[in-house]
Student: 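Submitted below is the structure of interest, expressed as structure tokens.
Each chain gets a letter, A, B and so on, in the order the sequences are listed, and its residues count up from 1. Remember, predicted model here, so these are calculated numbers, not experimental data.
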Number of protein chains: 2
Amino acid sequence: MEKGLWLFSLNFVTMKGVCSMTHTLDEKVYEGVLEQIKAYIEDKKLEPGDKLPSERMFSELLQVGRSSIREALRALELLGLIETRRGEGTFMRAYRPYHMVGLLSKFLLNNTRTREELLAAKQMLEKEILILSIGQLSSEQLAKLQLMLPEACNSEDHLKLFTYLFEESHHPLLLSMWQFICGFTHTVHDITYSDDWYRRMYQAMIKQSKEQMYSLF
Amino acid sequence: MEKGLWLFSLNFVTMKGVCSMTHTLDEKVYEGVLEQIKAYIEDKKLEPGDKLPSERMFSELLQVGRSSIREALRALELLGLIETRRGEGTFMRAYRPYHMVGLLSKFLLNNTRTREELLAAKQMLEKEILILSIGQLSSEQLAKLQLMLPEACNSEDHLKLFTYLFEESHHPLLLSMWQFICGFTHTVHDITYSDDWYRRMYQAMIKQSKEQMYSLF
DNA sequence: AGTTAATGGTGGTCTGACCACTAGATTCGG
DNA sequence: CCGAATCTAGTGGTCAGACCACCATTAACT
């Protein structure tokens, strides 16, 4: 049958220490499975959208129980690397950092959910993206930016403006972190900037002056 | 017996659509279990080191199969929230994101785009905590800080130094974010600062000069 | 030809069983 | 009486088999 060409090299001969140690001791099976699946993905050069073998197939290929396969797949799903559709199968998925950020934050915020922390983190991200954007925007982008300057202290406009900045700077990780925090601060009292603040921000952006930008915070 | 005071409210009576839908459709059982376990932890105020009920206990309490319990626990383990010891049980754990980080990094080695993003985010956090620390440290803390200045470009010392800063500033959210990112950059080539950099950073801290601090980046 | 019914494959879940391991109770020997 | 060896109950780790709900395809029927 030769079903094991790239096969699992761990076999648990547990009798009296006779144990073919391809794996470090105490390594759980699902961790080994994870390695093998990764190897499979790389070997077959699977890309987002491609279909993975079924759980039963993997189970037979790797010679481990289906539950172990499932635990490994669950890990990959948590990481946002695969997607499972009941009745269809398991598919590769484009890696999206926000998945990870959201997941993390969900638990991070259990211990640390003081308002001040969230606001500080949010402000930090906004400051950072402004600094990163300095000198990076074309005249067209600057014009767009000017149009987005809020006339009133409107939180929606604020959201739009910074979303635009994050997107144009091609930094999805920072964007997702910021968006997530915004999701929380939205309910509570949020920091609001004055109209003047936005104007000065825009001036600093035009003049490409980091000092002026920093002085805003 | 009254075993279900805070109990799971989903019960899958699958006969002919008689199904008490407390959960949104298509939610997987293990996701519901995750919520319940989280609620249990908060309700019982479990802290790092405390023991959780056994898998079989949870299975009976929540009226779901043990495998579903295990999938939820596996997720918590990946997130670094719990620790399982064979023959002993499942225990709470101080949050350490490195597990998930290690897993993820195995799958993202080749994505340079992601790598750059992570480094940028890391640097942003380090800059921020330095700024936040200015003027907040006592003379004793400054002395400690001075002792921690790395003589060589040592990544371990770097880690210690910033961990100290994050902790002293009582900003666990930023600390967690930073630690998480460090987990990634640890494996790959990391940004390193020169000895001189650390000295100037210390000088800026003493002089309480934001400008000097900013100029480091 | 177009609609409907049957089929096989898939992930999702539950059950029961066995293993290796640990800690505490029990027993034994001094 | 006390220390050491042993037994035991409970735990996580794993597997196998079974069922379910779901989906896509195919086969059958009108």
Student: Would you sort out whether E88(A) and K51(A) count as a salt bridge (Lys or Arg N to Asp or Glu O under 4.0 Å), showing the intermediate values?
Tutor: CA-CA 9 Å; E88(A) 296 183 56; K51(A) 190 172 183 303; over 6 Å; no
Student: Using a cut-off of less than 4.0 Å, is there contact between a side-chain N or O of T84(B) and OP1 or OP2 of dG13(D)?
Tutor: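 Indeed, a polar side-chain atom of T84(B) lies that close.
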Student: Tell me if the side-chain of R85(A) makes a donor-acceptor pair with the base of dG11(C), cut-off 3.5 Å, by modelled atom types.
Tutor: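 Side chain to base: no pair present.
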Student: Round to a whole Å and report the spacing from CD of E83(A) to C1' of dT10(C).
Tutor: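 After rounding, the gap between these two atoms is 14 Å.
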Student: dC14(C), OP1 or OP2 - any side-chain N/O from S59(B) closer than 4.0 Å?
Tutor: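 Result: no.
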Student: Checking S54(B) now: which residues fulfil side-chain contact (heavy atoms from CB on, under 4.5 Å) with it, not counting sequence neighbours?
Tutor: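 R56(B), M57(B).
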Student: Look at R70(B) and dT13(C) and indicate whether a side-chain polar atom (N or O) is within less than 4.0 Å of OP1 or OP2.
Tutor: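 No, because none of the side-chain N or O atoms of R70(B) sits under 4.0 Å from OP1 or OP2 of dT13(C).
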Student: List the residues meeting salt bridge (Lys or Arg N to Asp or Glu O under 4.0 Å) with E71(A), not counting sequence neighbours, and say none if there are none.
Tutor: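 If we apply the salt bridge (Lys or Arg N to Asp or Glu O under 4.0 Å) test to E71(A), skipping adjacent residues, the hits are R70(B), R74(B).
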Student: Identify all side-chain donor-acceptor contacts of residues 160-167 of chain B below 3.5 Å with residues at least two apart in sequence or on another chain.
Tutor:
unit_1	atom_1	unit_2	atom_2	d
T163(B)	OG1	L159(B)	O	2.6

Student: Is there a donor and acceptor pair, one atom on the side chain of R74(B) and one on the base of dG12(D), closer than 3.5 Å?
Tutor: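 No.
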Student: Rounded to whole angstrom units, what separation is found between the CE atom of M57(B) and the C1' atom of dT11(D)?
Tutor: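 My rounded result for the distance is 10 Å.
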Student: Within the structure, does a side-chain N or O atom of T90(B) lie under 4.0 Å from either OP1 or OP2 of dG12(D)?
Tutor: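 Checking T90(B) against dG12(D): at least one side-chain N or O falls below 4.0 Å of OP1 or OP2.
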Student: From dC14(C), dG12(C), dG12(D), pick the nucleotide closest to the side chain of E55(A)?
Tutor: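 For the E55(A) side chain, the nearest candidate turns out to be dG12(C).
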Student: I need the CD-C1' distance between E71(A) and dA16(D), as an integer number of Å.
Tutor: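 Atom-to-atom, E71(A) to dA16(D), this comes out as 15 Å.
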Student: Give the rounded distance in Å between these two atoms: CZ of R66(A) and P of dT13(C).
Tutor: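 Spelled out: CZ on R66(A) to P on dT13(C) is 10 Å.
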Student: Quick one: salt bridge (Lys or Arg N to Asp or Glu O under 4.0 Å) partners of E168(A), sequence neighbours excluded?
Tutor: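 Checked E168(A) against salt bridge (Lys or Arg N to Asp or Glu O under 4.0 Å); zero matches.
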Student: Kindly write out the residues that satisfy salt bridge (Lys or Arg N to Asp or Glu O under 4.0 Å) with R66(B), not counting sequence neighbours, or none if the list is empty.
Tutor: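 Result, salt bridge (Lys or Arg N to Asp or Glu O under 4.0 Å) vs R66(B): E55(B).
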Student: Closer than 4.0 Å, any side-chain N/O of S67(A) to the OP1 or OP2 of dA16(D)?
Tutor: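 No, outside the criterion.
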Student: If I take atom CZ in residue F58(A) and atom P in nucleotide dG9(C), what distance separates them, rounded to the nearest angstrom?
Tutor: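 Value for this atom pair: 18 Å.
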Student: Report the residue from H171(A), E126(A), E128(A) that forms a side chain to side chain donor-acceptor pair (under 3.5 Å) with W178(A).
Tutor: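 Filter result, single survivor: E126(A).
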Student: Nearest whole Å is fine: how far is dT14(D) C1' from Q63(A) CD?
Tutor: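 Answer to the nearest Å: 14 Å.
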Student: Once you round it to whole Å, what is the distance between C1' of dG9(C) and CD of E60(A)?
Tutor: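 Taking CD of E60(A) and C1' of dG9(C), I get 14 Å after rounding.
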Student: Collect all protein-nucleotide pairs involving nucleotides 6-10 of chain D in which both atoms are nitrogen or oxygen and the distance is under 3.5 Å.
Tutor:
unit_1	atom_1	unit_2	atom_2	d
dG10(D)	N2	G87(B)	O	3.2

Student: Could you give the CG-to-C1' distance, from L34(B) to dT13(C), as a whole number of Å?
Tutor: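 These atoms are roughly 17 Å apart.
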